[in-house]
Structure formats: structure tokens, C-alpha cells
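Treat the numbers as computed from the prediction; the structure is a model and nothing was measured.
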Amino acid sequence: MEGQAYLKVIEKRLERYFDKHPLVQDDLQFSLVAELHASDEGYFLVHSIKTYSVQHHEYLFAKHFEQAVTMQDLLPYLELLRRRMQELKTTTEHMSSLFTLLIICEQGMDDTLKQELVKYKYHKDYCFSLKGWSDLAVFVVDIPKQEVTCNKAGRKTMQYFEFSK
């Protein structure tokens, strides 16, 4: 499977839940940008008596590289997502947001990248967690090896990006 075919598979898996957006984000070119907004509410007896409301958001940014990828190649994209996390407007109903960077490597990845990626962590609390939190999940897809590597924040959503067998 090549990178473009893999990207189409991911688009197909996520199309039911995610909304696609324009591909240019702050002068960095992406192959796919998508958002998911979900909310949950609890009621007491009737809908007019709301007991709680929580919101969860996911933001996916996918980039396709033709060459082998190193950590230096990822830094501008990671910085963009960290800025986005800092600028996120939250309310008291916001519970959590997951920012996902999906890197598709046509020529594989640098050996040290895998080690650095597994240890990579970025977490942001809003108003001492009273307005929720955000995590940054990073996935690197090695097309020649048919392998997906992610950091700890990405483990919950790993099944979206794995190769089908």
C-alpha cells in the first residue's frame, strides 16, 4: 500500500464522524484536516432540567512525506499544534480535546524518531482543569514496513490508523 492509498483508507474510516476542512493551516500544507465535536448531556426527569453537559473535541492534521522523516521535520507541525492548543477557546462544558498529528512516511522514518516519538508528551490544562484539558497525539506511519507508531496520548485512538489485515 502506498501513502495516498493509506490516506484514502483513513478518510473513509473517519468520514462518518469527522468534518473535513481546508488544507492550509498557518502556511503549513496538510493532506487532511478534520474535526470532530461531540457532546453529552444528562437530564433529571425532563429535558428542561439539565444535570450536566460535557463536550469532547478532536482535531486531526495529516501530512504526507515522500522522504524519510526525522524529528526535525516534525518540529514545525508539533509547534503549530501546541499553539493551537494554547489558543483553544473553552467553556465550562468543555471536557477534553485531542489534537492528532498523523505523519505518513513514504520512505520510512529515521531510527531515532521512533524512540523520541514514544516518549513525546504534551498536555494542556485550561483554568486548572475546570474548563477541561487537551492532549497531543502523534502518529507516524511507516509505509514500507506497514507499521504505525504513536505516543502515549495516541494509544486510545490507535485502531483508527492501524493497517487492516
Can you confirm whether [X] sits close enough to [Y] that some side-chain heavy atom of one is under 4.5 Å from a side-chain heavy atom of the other?
{"X": "Leu32", "Y": "Leu60", "result": "yes"}
{"X": "Leu78", "Y": "Pro76", "result": "no"}
{"X": "Arg155", "Y": "Cys150", "result": "yes"}
{"X": "Cys105", "Y": "Val140", "result": "yes"}
{"X": "Leu88", "Y": "Met85", "result": "no"}
{"X": "Ser97", "Y": "Trp133", "result": "no"}
{"X": "Arg84", "Y": "Phe99", "result": "yes"}
{"X": "Val9", "Y": "Lys12", "result": "no"}

How long is the span from the [atom1] atom in [X] to the [atom2] atom in [Y], to the nearest 0.5 Å?
{"X": "Gln159", "Y": "Arg13", "atom1": "CD", "atom2": "CZ", "answer": "9.5 Å"}
{"X": "Ile103", "Y": "Asp73", "atom1": "CD1", "atom2": "CG", "answer": "9.0 Å"}
{"X": "Lys152", "Y": "His123", "atom1": "NZ", "atom2": "NE2", "answer": "11.5 Å"}
{"X": "Glu79", "Y": "Leu75", "atom1": "CD", "atom2": "CG", "answer": "8.5 Å"}
{"X": "Glu2", "Y": "Lys8", "atom1": "CD", "atom2": "NZ", "answer": "11.5 Å"}

- Task: Begin from the C-alpha positions of Tyr77 and Phe30 and carry the test ring pair (Phe, Tyr, Trp, His ring centres under 6.0 Å) through to its verdict.
- Result: CA-CA 10 Å; Tyr77 299 96; Phe30 289 99; 5.5 Å; yes
The criterion is side chain to side chain contact (heavy atoms under 4.5 Å, CB included); which residues satisfy it with [X], sequence neighbours excluded?
{"X": "Tyr160", "value": "Leu14, Thr157"}
{"X": "Thr91", "value": "Gln55, Glu93, His94"}
{"X": "Ile49", "value": "Phe44, Val46"}
{"X": "Ala137", "value": "Leu98, Thr100, Phe139, Asn151, Ala153"}

- For Gly42, does its backbone N or O pair with a side-chain atom of Thr51 as donor and acceptor, under 3.5 Å? yes
- Message: Is it the case that atom OH in Tyr17 sees more than 12 heavy atoms from other parts of the structure closer than 6.0 Å?
- Response: no
- Item | Salt bridge Lys20-Glu15, side-chain N to carboxylate O under 4.0 Å | no
Show the atom names and distances, to 0.1 Å, of all donor-acceptor pairs under 3.5 Å that link a side chain in residues 111-118 to residues at least two apart or in another chain.
residue	atom	partner	partner atom	Å
Thr112	OG1	Asp110	OD2	2.6
Lys114	NZ	Glu147	OE1	3.0

- Message: Applying a strict under-4.5 Å side-chain criterion to I, L, V, M, F, W and Y, I'd like to know whether Leu74 and Tyr122 cluster together.
- Response: yes
- Task: List the atom of Ile143, the atom of Gly3, and the distance in Å for their closest heavy-atom pair.
- Result: CD1-CA, 4.0 Å
- Task: I would like to know whether Leu36 and Tyr59 meet side-chain contact (heavy atoms from CB on, under 4.5 Å); could you show each step before the answer?
- Result: CA-CA 7 Å; Leu36 168 121; Tyr59 304 94; over 6 Å; no
- Query: Given the rule in the side-chain contact (heavy atoms from CB on, under 4.5 Å) test, do Leu136 and Tyr120 qualify, once you have shown the distances and angles that lead to the verdict?
  - Reply: CA-CA 9 Å; Leu136 178 55; Tyr120 184 81; 3.6 Å; yes
- Task: Scan side-chain atoms only and decide if Glu106 and His64 contain a donor-acceptor pair under the 3.5 Å cut-off.
- Result: yes
- Message: As a quick check of understanding, evaluate side-chain contact (heavy atoms from CB on, under 4.5 Å) for Lys63 and Phe65, giving each step before the final call.
- Response: CA-CA 7 Å; Lys63 174 68 178 164; Phe65 283 95; 3.4 Å; yes
- Can Gln86 and Tyr126 be said to form a side-chain contact (heavy atoms from CB on, under 4.5 Å), step by step? CA-CA 9 Å; Gln86 297 291 332; Tyr126 303 103; over 6 Å; no
- Task: Keeping to residues at least two apart or across chains, list the salt bridge (Lys or Arg N to Asp or Glu O under 4.0 Å) pairs with something in residues 120-139.
- Result: none
- How about Tyr6 and Phe163: are their ring centres within less than 6.0 Å of each other? yes
